[in-house]
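These notes are about the structure you will find just below.
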Amino acid sequence: MSRVNHDLRNSLASAMVVSDSLAQSEDPQVQKVTPRLMAAIDRAVNLCSQTLDYARSREPELHPERFDLRTLVSDVLDFVTPPPDAEIRWDIGIDPGFVVVADKNQMFRVLLNLAGNAAAAMPEGGTLRFRAERGGGWVSIDIADEGTGIPPKAQETLFEPFMPGSGKGTGLGLAIAKELMRAHGGDIKLMETSDRGTRFRLRLPDRG
Ligand SMILES: Nc1ncnc2c1ncn2[C@@H]1O[C@H](COP(=O)(O)OP(=O)(O)O)[C@@H](O)[C@H]1O
Ligand SMILES: [Mg+2]
């Protein structure tokens, strides 16, 4: 997988160089199509790195550590890019000092994807809520948005790789999230979704 990825990236890099010089052309026809060509190559490069990410997530080497969940969530939110003109509010209903034992970097990836999806689903803005509780040997973390919801058809294949729905993504985010949660002995579930929003739940064995 990583060898194919490497070769593909090299070919794409050459394609990028060629289209860069194409962009210098005076021919209006060529000038018109070059940006699209560049964008297509960009997407292909992105797909490459995400595919590799997915392959890696299947056998992740976990490095569990104790960390403060609230701090991690607020770090994640610094990396979320809301849709243009959308005012997204964050509501982190997690007590300071809520400690979790897990691979912090991997949990960061899972939460970043969920928060990114949620933000993308709220083009008109809205609130993204985080909640966490422990009990019965589990920690559960809920992520709820006020977005457009997930259509029934897309729900069927939500956690399968390369099922991006209508978005511009690669459809790997939730597949990776599932692999990573499973690797922790936990899980991810879609709890509810409607035109008023969507809620996912992450579960981790409670080692706090
Ligand atoms: N919170 C959400 N609200 C609405 N749709 C969602 C939400 N989360 C995921 N989706 C849908 O599921 C698709 C797959 O998500 P994901 O696996 O993260 O891949 P990607 O983000 O690359 O498209 C998204 O493209 C989107 O259509
Ligand atoms: Mg995603």
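As the structure lists them, so they are numbered: ligands from 1, and atoms in each ligand from 1.
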Sorted by chain and number, sequence neighbours left out, side-chain hydrogen bond (donor to acceptor under 3.5 Å, both in side chains) with Asp142 holds for Arg199, Arg201
Any idea which of Leu172, Asp145, Leu47, Thr148 brings a heavy atom closest to atom 1 (N) of ligand 1? Asp145
Measure Thr198 to ligand 1 on non-hydrogen atoms and call it side chain, backbone, both or neither using the 4.0 Å cut-off. side chain
Heavy-atom neighbours of Glu133 CD exceed 12 at 6.0 Å: no
Under 4.5 Å between any side-chain heavy atoms of Leu202 and Leu111, yes or no? yes
Applying side-chain hydrogen bond (donor to acceptor under 3.5 Å, both in side chains), name anything that partners Arg89, two or more places apart in sequence or on another chain. Thr127
From Leu52 atom CG to His6 atom NE2, the distance as rounded to the nearest 0.5 Å: 11.0 Å
Would you give me the side-chain donor-acceptor pairs under 3.5 Å for residues 16-24, sequence neighbours excluded?
{"unit_1": "Ser19", "atom_1": "OG", "unit_2": "Ala15", "atom_2": "O", "d": "3.0"}
{"unit_1": "Ser19", "atom_1": "OG", "unit_2": "Met16", "atom_2": "O", "d": "3.1"}
{"unit_1": "Ser21", "atom_1": "OG", "unit_2": "Val18", "atom_2": "O", "d": "2.8"}
{"unit_1": "Gln24", "atom_1": "NE2", "unit_2": "Asp20", "atom_2": "O", "d": "3.4"}

Measure from atom 5 (N) of ligand 1 to every heavy atom in Ile176, Ile150, Asn117, Asn113 and give the option owning the shortest one. Ile150
Near the Mg ion (ligand 2) (cut-off under 2.8 Å), count of protein N, O or S atoms: 2
Rounded to the nearest 0.5 Å, the CG atom of Leu158 sits from the OG1 atom of Thr193 at a distance of 8.5 Å
So, does Gly171 sit close enough to ligand 1 that a heavy atom of it is under 4.0 Å from the ligand? yes
Give the numbers and elements of all ligand 1 atoms closer than 4.0 Å to a heavy atom of Leu174. 9 (C), 15 (O), 16 (P), 17 (O), 18 (O)
Check each of Asn46, Ile143, Leu158 against atom 11 (C) of ligand 1 and report the one with the nearest heavy atom. Leu158
Quick check on contacts: which atoms of ligand 1 are under 4.0 angstrom from a heavy atom of Gly149? 4 (C), 5 (N)
Answer yes or no: does atom CD of Gln31 have more than 12 heavy-atom neighbours from other residues, nucleotides or ligands under 6.0 Å? yes
For the residue pair Asp91 and Leu128, establish whether any side-chain heavy-atom pair is separated by less than 4.5 Å. no
Counting heavy atoms under 4.0 Å, the part of Leu114 that contacts ligand 1 is neither
Please determine whether the number of non-hydrogen atoms from other residues, nucleotides or ligands lying under 6.0 Å from atom CZ of Arg9 exceeds 12. yes
